[in-house]
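Below, chains carry the letters A, B, ... as their sequence lines are ordered, and counting in each starts from 1. Note: hydrogens, waters and symmetry copies are ignored here, and every other heavy atom, side chains too, is used.
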Amino acid sequence: MESKVRVRFAPSPTGGLHLGGVRTVLYNYLFARHHGGEFILRIEDTDQSRYVPGAEEYIFETLAWCGLQPDESTQHGGPYAPYRQSERKASYRQYAEQLVQAGHAYYAFDTAQELDAMRLKLRTEANPNPQYDHTVRGQMRNSLSLSAEETKQLLDNRTPHVIRIKMPEGETVSFTDMIRGEVSFDTSTVDDKVLLKADGMPTYHLAVVVDDHLMKITHAFRGEEWLPSAPVHVLLWRYLFGAENMPKWAHLPLILGPSGKLSKRDGAKYGFPVFAMNWTDPKSGELTEGFRERGFLPQAFINMLAMLGWNDGTEQELFSLEELVQKFSIEKVHKGGAKFDFEKAKWFNHEWIKKQPAASYKTEVKQLFEQKGLHISDDVYFEQVLELVKDRCTVLTDFWEHSAFFFKAPRQFDTTPILAKWNPAKRSFFESFPSALKGVSDWSAGTLENLFKQMAEQSSIKPGELQLPLRIMLVGGKFGPPVFHIAEVLGKEETISRIKDALQSFPAQ
RNA sequence: GCCGCGUUCGUCUAAGGGCUAGGACACCACCCUUUCACGGUGGUGAUACGGGUUCGAAUCCCGUACGCGGUACCA
């Protein structure tokens, strides 16, 4: 009997979601949807000391912006609630106790000081990081080294204690990673990880196994940094729920920054965003810039992230979310880490701006314009303008410099490019041009261009010589889309008025 | 140190024993365009190193180097 694919993503609310995190969600989502399964979001907040207020809401907002809606979560509900691990605290202890009874785990009473002392004492050049493992557990204060009476006494006195897994010696634990194939570990080299903390909260190791079992998770993608603790999870599955019921794992390669692992700092250092959306740390007040605020389209962001570690084997690079869902295949996910390249990210965004109708992002651009103090009243006109200039915009914030002149007639004219060749004949051309424009009934770029060329020839001036002056009259300088397209969008009245006004500021001859 | 994972143009990658190692970003040149872009054409540029296996290796095996991750009562 084949059970339905259920994939989960489990972020910890300790800060904004960075590129690697969003990519992990994305792959979880794509896999779930590709197989017609469910996508579950569970909050891993068992470390209260690192919980950052607002981070959970931020995660949901990021997912909403990206269009990756979970089927089950703290916000969407679901049959396996609660989806916040801190609210599931009560259920973990029994599993830890069960492991102790079976001899796979033990109580440890060591204080933080005792642990420090052990690590200090055992530290040598050959072993800079001594572990709490089978070689040292006999010398520590735990239910393996202490007598049964002593242990009972300590427990009865409610001595603070943790529960640690008892890693077997000299066993090989292996599992099949969906991306890497078979991966194996010698259990002697793995330490006795804490499963249940002194405050009764589980560590990630216990929680992830218990919750994945309880929530009937079948597959999960996580970062490569989890690979070393996989043997602990495999063993827990074997002891608790049966190794054959273990979800399939996929460990994703890391996303790297310009120098090594991508970090929050890289954003400020190299001038590119590392989070999906702006994130302000409530404790430090530190702002980390987001792709959204930088002017990225979610489609481009998702597309770029998806390609950073996967491709469909063809030369196609532009994919919508629907296409990604349809074509995503686990076999094509890469093993090696990828360095994030902001230039390429911008290229994706540029492509998406060109590809999408301006209507789909006009609300965002309008907001940007309002921030600049420009109120947009005519939506149809606004959309026409965006459509005309979008080819030259890489991020949404570029629209301002490429189209502000459509909404405000220029006040200053940069006449330097034409000054040398300006003469009375040209001036008189522009003096008579407006009245000719008045008579145009079919106001389109093509008609205007024809009329313009005809009149130029009548005045025995090369049309090319007159185009730049016209452009400067309409927009104030040497920029913008093709002149006659500008005139078309501006409309008859505005075009005529701009030419007349400009002529006042142009040299007398 | 130990354990694990990885390594193709500067960057993202294709090629899963067989063409001249293909594409994209970036860069350069030319074309288009009397603005700037878009677009088009072309160019520079890579299999980390050393051994095997094979008629034949980027591809399979071993070693080395390098990179990254882990080595917490963090996730």
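Under the ring pair (Phe, Tyr, Trp, His ring centres under 6.0 Å) rule, F319(A) has a single partner from W352(A), F348(A), W310(A), which is W310(A).
Applying the side chain to side chain contact (heavy atoms under 4.5 Å, CB included) test to D281(A) and every residue at least two apart in sequence or in another chain returns W279(A), K283(A), S284(A). Remark: D45(A) engages no residue in a salt bridge (Lys or Arg N to Asp or Glu O under 4.0 Å) (not counting sequence neighbours). Checked against ring-ring contact (aromatic ring centres under 6.0 Å, His included), H350(A) has no partners two or more places apart in sequence or in another chain. With sequence neighbours excluded, the residues forming a side-chain hydrogen bond (donor to acceptor under 3.5 Å, both in side chains) with S320(A) are E322(A), listed by chain and number.
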Would you give me the side-chain donor-acceptor pairs under 3.5 Å for residues 474-484 of chain A, sequence neighbours excluded?
none

Only distances under 3.5 Å count here; give the side-chain donor-acceptor pairs of residues 453-465 of chain A to other protein atoms, sequence neighbours excluded, each with its distance to 0.1 Å.
residue	atom	partner	partner atom	Å
K453(A)	NZ	E449(A)	OE2	3.0
S459(A)	OG	M455(A)	O	2.9
E465(A)	OE1	K426(A)	NZ	3.1

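Among pairs with a residue in residues 106-126 of chain A, those fulfilling salt bridge (charged side-chain N to carboxylate O under 4.0 Å, His left out) read E114(A)-R141(A), at least two apart in sequence or across chains. Pairs of residues two or more places apart, or lying in two chains, that qualify as salt bridge (charged side-chain N to carboxylate O under 4.0 Å, His left out) and include a residue from residues 84-98 of chain A are E56(A)-R84(A), R84(A)-E87(A), R88(A)-D211(A), R93(A)-E97(A). The salt bridge (charged side-chain N to carboxylate O under 4.0 Å, His left out) analysis of residues 170-194 of chain A, with sequence neighbours excluded, yields the pairs R137(A)-D192(A), E171(A)-R238(A), R180(A)-E224(A), D191(A)-K193(A).
Phosphate proximity of C74(B) to K197(A): present, with a side-chain N or O under 4.0 Å from OP1 or OP2. Not one side-chain nitrogen or oxygen of K335(A) sits closer than 4.0 Å to the OP1 or OP2 atom of G4(B). Remark: K354(A) is in phosphate contact with G39(B), judged by side-chain N or O atoms under 4.0 Å from OP1 or OP2. Between A14(B) and H334(A), a contact under 4.0 Å exists linking OP1 or OP2 to a side-chain N or O. An OP1 or OP2 oxygen of A14(B) is reached within less than 4.0 angstrom by a side-chain nitrogen or oxygen of N311(A). Between K193(A) and G70(B) there is no side-chain N or O to OP1 or OP2 distance below 4.0 Å.
One P atom belongs to C19(B), the other to G10(B), and the distance between them is 23 Å to the nearest Å. Rounded to a whole angstrom, the distance from the C1' atom of A46(B) to that of U11(B) is 12 Å.
Distances were taken from every side-chain heavy atom of K478(A) (C-beta onward) to each of U35(B), U13(B), C38(B); the shortest belongs to U35(B). Of the candidates C12(B), C73(B), C3(B), the closest approach to any side-chain atom of T189(A) belongs to C3(B).
Along RNA chain B, the nucleotide nearest to D391(A) and the one nearest to E224(A) differ in position, and the one closer to the 5' end is contacted by E224(A). A residue-by-residue look at L227(A) and E465(A) shows that L227(A) has its nearest nucleotide of RNA chain B further toward the 5' end.
Residues of residues 117-127 of chain A that place a heavy atom closer than 4.0 Å to RNA chain B, in numerical order, are R119(A), E125(A), A126(A), N127(A). For residues 43-54 of chain A, proximity to RNA chain B is found at E44(A), T46(A), D47(A), R50(A), defined as any non-hydrogen atom under 4.0 angstrom from a strand atom.
A donor atom on one side chain and an acceptor atom on the other are not found under 3.5 Å apart for K355(A) and Q299(A).
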| Heavy-atom protein contacts under 4.0 Å, nucleotides 21-27 of chain B, coded B base, S sugar-phosphate only, - none | -SSBS--
